[in-house]
Trainee: 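I am attaching a structure below and will ask some questions about it afterwards.
Everything numeric in this text was worked out from a predicted model, so none of it was measured. Both backbone and side-chain heavy atoms feed into the values below; hydrogens, waters and symmetry mates do not. By convention in this document, chain letters (A, B, ...) are assigned in the order of the sequence lines, proteins followed by strands, and residues within each chain are numbered from 1.
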Amino acid sequence: MNYELLGNLLVNGAIVGTLYGVVAMCFVLIYKSTQVVNFAQGEFLLIGAWVCWALLVKFGLPFWIGFPITLLFMFFFGVLLQLVVLRPMIGEPIISVIMLTIGLSIFFQASMSWIFGVFVKPFPQIFETESVSILGLQVQTAYVMSMIISVIIMVGFYYFFKHSRAGLAMRATAFDQQVAQSLGISVQKAFALSWAISAMVSALAGVVVGMVNGVSSALSFFGIKVFPAVILGGLDSIVGAIAGGLIIGLLENFAEFLDSQYFHVGNMYTVAPFYILVIILMIKPYGLFGTKDIERI
Amino acid sequence: MSGHSMMRCGEFRTDYKSDTTIFPTPRSRYAAIAGVLFLLVAAPFLNPYYLNLLIQIGYYGIAALGLNILVGFTGQISLGHAAFFGFGAFASAWINNTTGIPVFLAIPLAGLMTTAVGLIFGIPAGRIKGLYLAIATLASQFILEDFFARAEWFTGGTYGSMANPVSLFGYELDTEQSFFYVVLFWTVLMFVLAANLLRTRDGRAFIAVRDHYLSAEIMGINLTKYRILSFGISSFYAGIGGALFAHYLGFVSAEGFTILLSIQFLGMIIIGGLGSVMGTLLGTAFMVLLPEVMEGIVSNLQWLGSGVSEALVYIKEMAIGLAIILFLIFEPDGLAHRWQMIKSYWKLYPFSY
């Protein structure tokens, strides 16, 4: 047993897991409030990271200006996407909605590769020190920051949905659109807002990942890794998304550890979550925290 | 009902027999037969470029038809069709290379092998549906892709595997002209089989499951059986399509069967029309021709700078994504529906009301 490697991988897993959790939370936010399965979630990370990269590198803005502009851009991007592309799809069958977001996903992925190229571009150095030592393990500063930011986002989500007016309106819309509408809540606004928040927070996650690994189209794979996380947690549960993200992050690193120590088959990191996904779907399709559908004729 | 008049103002069926024909009207039957005959005669005169496109439409069309049986007729979603297509391609090459079974027999055998795999991956479909199923099939795509990279005995690993051309009575059908007949044979066979399937008890069960699965179950349709069966049939089609693909190119490598191809298959049936056999062919033709058209446009835009032609691969991908989005927003019923509207317009012309 190589305990140091195991420890490293598990810390890594916990950190990546919280990022999965954040992205999964954004995914669930859209699913819960607008009943749209967003296969383009990973592209939100990608676009956010590229926009921030362009602002910092091409325009030479400092991080504390470039980053808020990125978030603002993503907010409006989310609203625009909802208004232009997703509003016509309300009431369409689920296959159409899924295909629409898949179409968006390949469109954005290809356009980003066209604009920014396929090679990994490093983010400019933002922190003075590359890595800090936690419990004797070297952890990248950006990861520590990502952990802190993730926790702040999660707490922020909690307050937003429990106490703010807009958040309560969105929860009401998610619960029952007709009732919400008759209480004077603008369902359209709630829909647009959920896409905006989701795009913004995903972009934040994208920037964090970009800082560590550099920006490339590999970022959009986060959007696919999110599925095992949300299925594990339950599709319509925000708490479940966070838990699912963490578990998937830890599990894939644990699988990587087992692979490197015993099996030597390779590529476990990518595939293990999907095996887990299939097993969950066979045993407990509604996940850990999801609500079970009861259907009537 | 008989075809007294050539110009009728609609398709009026008066008995079940006429409602369950393979072709909706006698004229559409004649048109289809004439089309196939035309292709049979014309093939030796077409240049290899057009034949290549027609062959692509053929094998992708077969696979897309399988997906349409699953998505359009049974109402399930599969994001892993390319993996089954790839499995068929590898399976056919493997059967031919290891056992020496001739290629024209290896193709249907590969179809059956893919069916078996499809049935295994279809098992979750017995329990889950809709979005959950979409994600489960997404998982099967990644698991099979991983398997292709890993199983060297089967796929040749990263090197890929060679596939021999189809040979019949000692003749090698390795030119565009000769292989075109093979693809045409399989395409006609598979499309007629699919059209026929939908007239049978099983085909009607599929449609009942799609339209309202709870009602269907209450009427005595075994949901689990038909959902998994639909996966099996769809994989069979994918396997046949993939096998033809393999023996046409002569070489199979795992890189070709990614999620993007799965999405393209879904794009074909959405653009063509969900639940339409003829629409599948139209959609496939659209999806195969779209990159060629984009290439034509880009080659006319050279004056914009050299960057345009380098971006061609991205422009093609963007066009696929955009085509799917625009069709879903503006023509969700696909080309088949558009064709129906054109037909009914001329049927009633000039008195459209």
Side-chain angles (χ1 to χ4, degrees), chain A residues 31 35 37 39-40 84-89 92-115 117-118 224 226-228 230-231 235 265-268 270-283 285-287 290 293 295-297, chain B residues 71-72 75-77 79 121 123-124 126-136 138-143 145-147 149-150 212-215 217-218 259-260 262-264 266-267 269-270 274 307 310-330 332:
Chain A
Y31 180 72
Q35 274 81 50
V37 192
F39 275 79
V84 176
V85 187
L86 284 134
R87 188 149 298 167
M89 299 311 288
E92 293 283 330
I94 184 163
I95 167 87
S96 304
V97 182
I98 288 180
M99 277 313 289
L100 186 93
T101 57
I102 290 177
L104 284 176
S105 151
I106 51 178
F107 178 76
F108 286 130
Q109 204 169 12
S111 53
M112 286 296 126
S113 304
W114 184 12
I115 299 170
V118 283
I224 289 175
V226 146
F227 290 113
V230 290
I231 291 288
L235 258 180
V265 284
N267 203 20
M268 269 330 252
T270 323
V271 188
F274 293 104
Y275 282 105
I276 298 164
L277 170 63
V278 172
I279 294 167
I280 301 160
L281 281 174
M282 301 287 265
I283 305 168
Y286 294 98
D293 276 352
E295 292 183 61
R296 290 153 218 238
I297 294 190
Chain B
V71 181
Q76 319 230 46
I77 308 171
L79 291 173
F121 280 99
I123 291 171
R127 282 197 73 189
I128 54 181
K129 64 184 178 61
L131 169 62
Y132 288 91
L133 185 61
I135 297 173
L138 184 75
S140 72
Q141 163 85 35
F142 285 105
I143 290 171
E145 249 182 72
D146 182 54
F147 170 76
R150 209 177 287 269
H212 204 302
Y213 77 99
L214 271 181
S215 312
E217 192 171 24
I218 287 163
I259 179 100
L260 183 67
S262 287
I263 294 167
Q264 267 173 293
L266 279 166
I269 61 171
I270 281 181
L274 289 175
E310 282 162 27
L312 184 63
V313 58
Y314 306 121
I315 293 177
K316 282 179 182 172
E317 266 180 48
M318 282 165 74
I320 292 168
L322 208 59
I324 293 173
I325 296 169
L326 293 178
F327 262 93
L328 281 169
I329 294 178
F330 296 110

Trainee: Given heavy-atom pairs under 4.5 angstrom as the criterion, report whether the side chain, backbone, both or neither of M89(A) touches chain B.
Mentor: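 Contact with chain B involves the side chain of M89(A) alone.
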
Trainee: Working to the nearest 0.5 angstrom, can you tell me the gap between L326(B) CG and F107(A) CZ?
Mentor: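 With rounding to 0.5 Å, CG (L326(B)) is 9.0 Å from CZ (F107(A)).
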
Trainee: Below 4.5 Å, heavy-atom pairs only: which of I98(A), V230(A), I280(A), L235(A) has the largest tally toward chain B?
Mentor: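 The candidate making the most pairs under 4.5 Å is L235(A).
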
Trainee: Is L277(A) close to chain B through its backbone or its side chain, or both, or neither, when contacts mean heavy atoms under 4.5 Å?
Mentor: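 Looking at L277(A), just its side chain touches chain B.
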
Trainee: Could you look at I270(B) and say if it's the side chain, the backbone, both or neither that has a heavy atom under 4.5 Å from chain A?
Mentor: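 The answer is the side chain of I270(B).
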
Trainee: Kindly give the heavy-atom pair with the smallest separation between I263(B) and M99(A), and that separation in Å.
Mentor: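 So the two residues come closest at O-CE, 4.1 Å.
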
Trainee: Please classify the contact of I231(A) with chain B as side chain, backbone, both or neither, using a heavy-atom distance under 4.5 Å.
Mentor: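 Contact with chain B involves the side chain of I231(A) alone.
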
Trainee: Check each atom of L274(B) against the heavy atoms of chain A and say whether the ones under 4.5 Å are side chain, backbone, both or neither.
Mentor: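 Interface part for L274(B): side chain.
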
Trainee: Between I259(B) and chain A, with a heavy-atom cut-off of 4.5 Å, which part of the residue counts as in contact: side chain, backbone, both or neither?
Mentor: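 Interface part for I259(B): neither.
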
Trainee: CG of L312(B) to CD of E317(B): how many Å apart, nearest 0.5 Å?
Mentor: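 If I round to the nearest 0.5 Å, the distance is 11.0 Å.
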
Trainee: So which residue, I77(B), I329(B), I143(B), ends up with the most heavy-atom pairs under 4.5 Å with chain A?
Mentor: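 Max contact count across the listed options: I143(B).
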
Trainee: CG of L100(A) to CZ of F39(A): how many Å apart, nearest 0.5 Å?
Mentor: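 The distance works out to 12.0 Å.
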
Trainee: Can you tell which part of A136(B) gets under 4.5 Å to a heavy atom of chain A, answering side chain, backbone, both or neither?
Mentor: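 Contact with chain A: backbone and side chain both.
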
Trainee: Do you know which of S113(A), S96(A), S105(A) has the most heavy-atom pairs with chain B at a distance under 4.5 angstrom?
Mentor: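 Max contact count across the listed options: S113(A).
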
Trainee: Should the pair F274(A) and F142(B) be assigned to parallel (<30°), tilted (30 to 60°) or perpendicular (>60°) ring geometry?
Mentor: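 Plane angle under 30°, so parallel.
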
Trainee: Side chain, backbone, both or neither: which part of I283(A) has a non-hydrogen atom closer than 4.5 Å to chain B?
Mentor: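 Backbone only.
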
Trainee: Can you measure from CD (Q109(A)) to OH (Y314(B)) and round to the nearest 0.5 angstrom?
Mentor: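 Going from CD on Q109(A) over to OH on Y314(B), the span is 10.5 Å.
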
Trainee: Mind checking whether I102(A) and I324(B) have side chains closer than 4.5 Å, heavy atoms only?
Mentor: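 No; the side chains remain at least 4.5 Å from each other.
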
Trainee: Chain B heavy atoms under 4.5 Å from E92(A): which part of the residue, side chain, backbone, both or neither?
Mentor: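 The side chain, not the backbone.
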
Trainee: Calculate, to the nearest 0.5 Å, the distance between atoms CG and OG belonging to L260(B) and S262(B) respectively.
Mentor: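 Here the interatomic distance stands at 9.0 Å.
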
Trainee: Side chain, backbone, both or neither: which part of V85(A) has a non-hydrogen atom closer than 4.5 Å to chain B?
Mentor: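 Backbone plus side chain of V85(A), per the 4.5 Å heavy-atom cut-off to chain B.
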
Trainee: Compare all side-chain heavy atoms of L266(B) with those of L79(B) and state whether any distance is below 4.5 angstrom.
Mentor: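 Yes - at least one pair of side-chain heavy atoms lies under 4.5 Å apart.
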
Trainee: Please state whether the side chain, the backbone, both or neither of Y275(A) comes within less than 4.5 Å of a heavy atom of chain B.
Mentor: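 It is both, since atoms from each part get that close.
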
